[in-house]
Each structure stands twice: as C-alpha cells, then as structure tokens.
Amino acid sequence: MKNIIFYLILITQLTFSQSGEKKTFRMAIMAAENAEIPNDLNQFKDSIENQKIVQFSNEKKKLQEILTFTDYPEDMKADFEANKKSAEIQLKLIDSLEPHIKDFKYYDTILYSVSIINLVFNEFEPYSYIYSVPFSNEIENNFETYTMTNNLDYILFFDDVKASKSKNDFIMTSTIKLYSKKEKKLIVNQQIFGDTNSYGEIWTCGNPLSCLFITMVRNGMENIIPTIIKSQK
C-alpha cells in the first residue's frame, strides 16, 4: 500500500482524539548486527555510506545558516527567533551524533524505521521517545532486563538480514521482532521482505541495495505500527 504511513498517521490521530488521551511510550530500535548480501551488490555499499555523510553535512550546514540569518522583516522577528531556537536544539543533537555518523554502515539503512515511527507517533504533542541503539548480543538475549533497566516500553529489532538473487533481480529478507515490556513477550515476530523498487515519496531510494533496505522497512512497518497503536490503547 503506497500511502500506508499517511493512512496510519490519520488512524493514530483519530484513535487518540476519540480516546481523549495520547499515551506516550519509550522505544529503542536496535541496529542490525550485519547483513549478508551477494557480491553483485557490494558496489553499492560505499555509495550508501558516503551519501549518509553528505546528507548529515548538508543538514548541519542548513541549521548553521538558520542560526546566522538576520535579514528578516521586523514583524516576523518572533517567528524567526523561534526557528533559531529549534535549529539550535537540532544542531546540538546533530553534533552529538557526528561520531556515530562516521561509523555508519550500509546495513544501518534499516534504521530508517526510526524516522518512520517518529513520523507516525510524533506528529503532535506529547511526544514519545523513539531512538536507535547499536547492536548488542546482551539486548537480543534478554529483552526483559534491557527494557526494565532502561525504562523502555518496546524494543524493535531486525534479525538475520539477507539479500539473495531471485531470477534477474534481488530480494531481501529479515525477521522483525517487537518486544513489549507490558506483555513481557515478543508481540511481533515475523519474516519481512524487500525488493529493488523505489515507491516514491518517503520510500524513494537511489540504488538496488538501498531499495532492498527501504522496502523491507516499508513491509515491516505495515504490521509494527498497527501493533503499537493497538498496544497503546
């Protein structure tokens, strides 16, 4: 479903508006340990990693330009000052992420799921805390302890990420897992798939390898987001 995320945003808003209360949650999305891909796709690894660094640098430059911009009409001063405060906060966050960006690996594209889940659940206040964490065997082997120790409601994880040839194209598979602290168990544990298509809008991708990751995230979110919505009721 091409517009499923926008549909889910609408459903999320209607759900909470009808209940009169929006319940926030804390969620960690763990990076994949690695990805197994055919040799034919190796040529796209550097492109994905370099593009991430360029995107990061461009975003940082844009925020810095907002902070230094002064040529605005006096009657719009309040709006521009508010934008500057927001840019300053974002810039501090970006600065804190810079060391991690340098360590970005092509398979970390799967963490695009962080942006998608934030898009759905943090469209309006109050905001939930949704962030990524590096891969850890300790987390994977004991979700319950990690959620209790870090005051988390959910942990999301993509396991066993593999791409393979399928006729004249490629497919990617993974097992997506969503652990709920409240239910003390995996509430999603299913195989998901990715292909090399670019579906446009928020699902646009630039090469076959990045498309495999992006479309697999797309497939996974079709179940993960409704499950979270149901769990938050």
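Computed from a predicted model, the values in this text were never measured in an experiment.
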Looking only at heavy atoms, the pair that brings Ala31 and Phe157 closest together is O-CE1, 3.7 Å
Heavy-atom nearest pair, Tyr72 first then Lys84, reads CE2-NZ, 4.3 Å
dist Ile139:CD1 -> Leu152:CG (nearest 0.5 Å) comes out at 8.5 Å
Take atom NZ of Lys62 as the centre, draw a 6.0 Å sphere, and report whether it contains more than 12 heavy atoms from other residues, nucleotides or ligands. no
When Tyr127, Phe121, Tyr131 are each screened for ring pair (Phe, Tyr, Trp, His ring centres under 6.0 Å) with Phe25, the one that passes is Phe121
Worksheet item: Would a hydrophobic clustering, with Ile, Leu, Val, Met, Phe, Trp and Tyr connected at side-chain separations under 4.5 Å, put Ile117 with Tyr199?
Response: yes
Validation row: Ile116, Ile225 side chains within 4.5 angstrom (heavy atoms): yes
When rounded to the nearest 0.5 Å, the distance separating CD1 of Ile29 from CG of Asn118 is 7.5 Å
Taking NZ, NE, NH1 and NH2 as the nitrogens, is one of them in Lys52 or Glu49 under 4.0 Å from a carboxylate oxygen of the other? no
Ring centroid separation Tyr112 to Phe213 under 6.0 Å: no
Check whether any side-chain heavy atom of Thr175 sits under 4.5 Å from a side-chain heavy atom of Asn189, and report yes or no.
-> yes
For the residue pair Gln190 and Ile176, establish whether any side-chain heavy-atom pair is separated by less than 4.5 Å. yes
dist Trp203:CH2 -> Cys211:SG (nearest 0.5 Å) comes out at 12.5 Å
Do you see a donor-acceptor pair shorter than 3.5 Å between the side chains of Asn141 and Asn137?
no
Taking every heavy atom of Cys205 against every heavy atom of Asn197, the minimum-distance pair comes out as SG-O, 3.6 Å
Might you confirm whether atom CD of Glu138 has over 12 heavy atoms from other residues, nucleotides or ligands at distances under 6.0 Å? no
OG1 of Thr24 to OH of Tyr129, rounded to nearest 0.5 Å, is 13.0 Å
Asn42 versus Lys45, side-chain donor and acceptor atoms under 3.5 Å:
yes
What one should report as the nearest heavy-atom pair of Thr196 and Pro208 is CG2-O, 3.9 Å
Margin query: For Tyr179 and Tyr146, I'd like to know if the aromatic rings sit close, meaning centre-to-centre distance below 6.0 Å.
Written below: no
In this structure, CD of Gln55 is separated from NZ of Lys60 (nearest 0.5 Å) by 16.0 Å
Sub-4.5 Å side-chain heavy-atom contact between Tyr106 and Asp46 = no
Next on the checklist: Do Asn34 and Val161 make a side-chain contact, defined as non-hydrogen atoms from C-beta onward lying under 4.5 Å apart?
Outcome noted: no
Notebook entry, point to check: Can you check side-chain contact (heavy atoms from CB on, under 4.5 Å) on Phe170 and Leu212, steps first, answer last?
Noted result: CA-CA 8 Å; Phe170 299 94; Leu212 287 168; 4.1 Å; yes
d(Ile48 CD1, Phe104 CZ) to nearest 0.5 Å is 7.5 Å
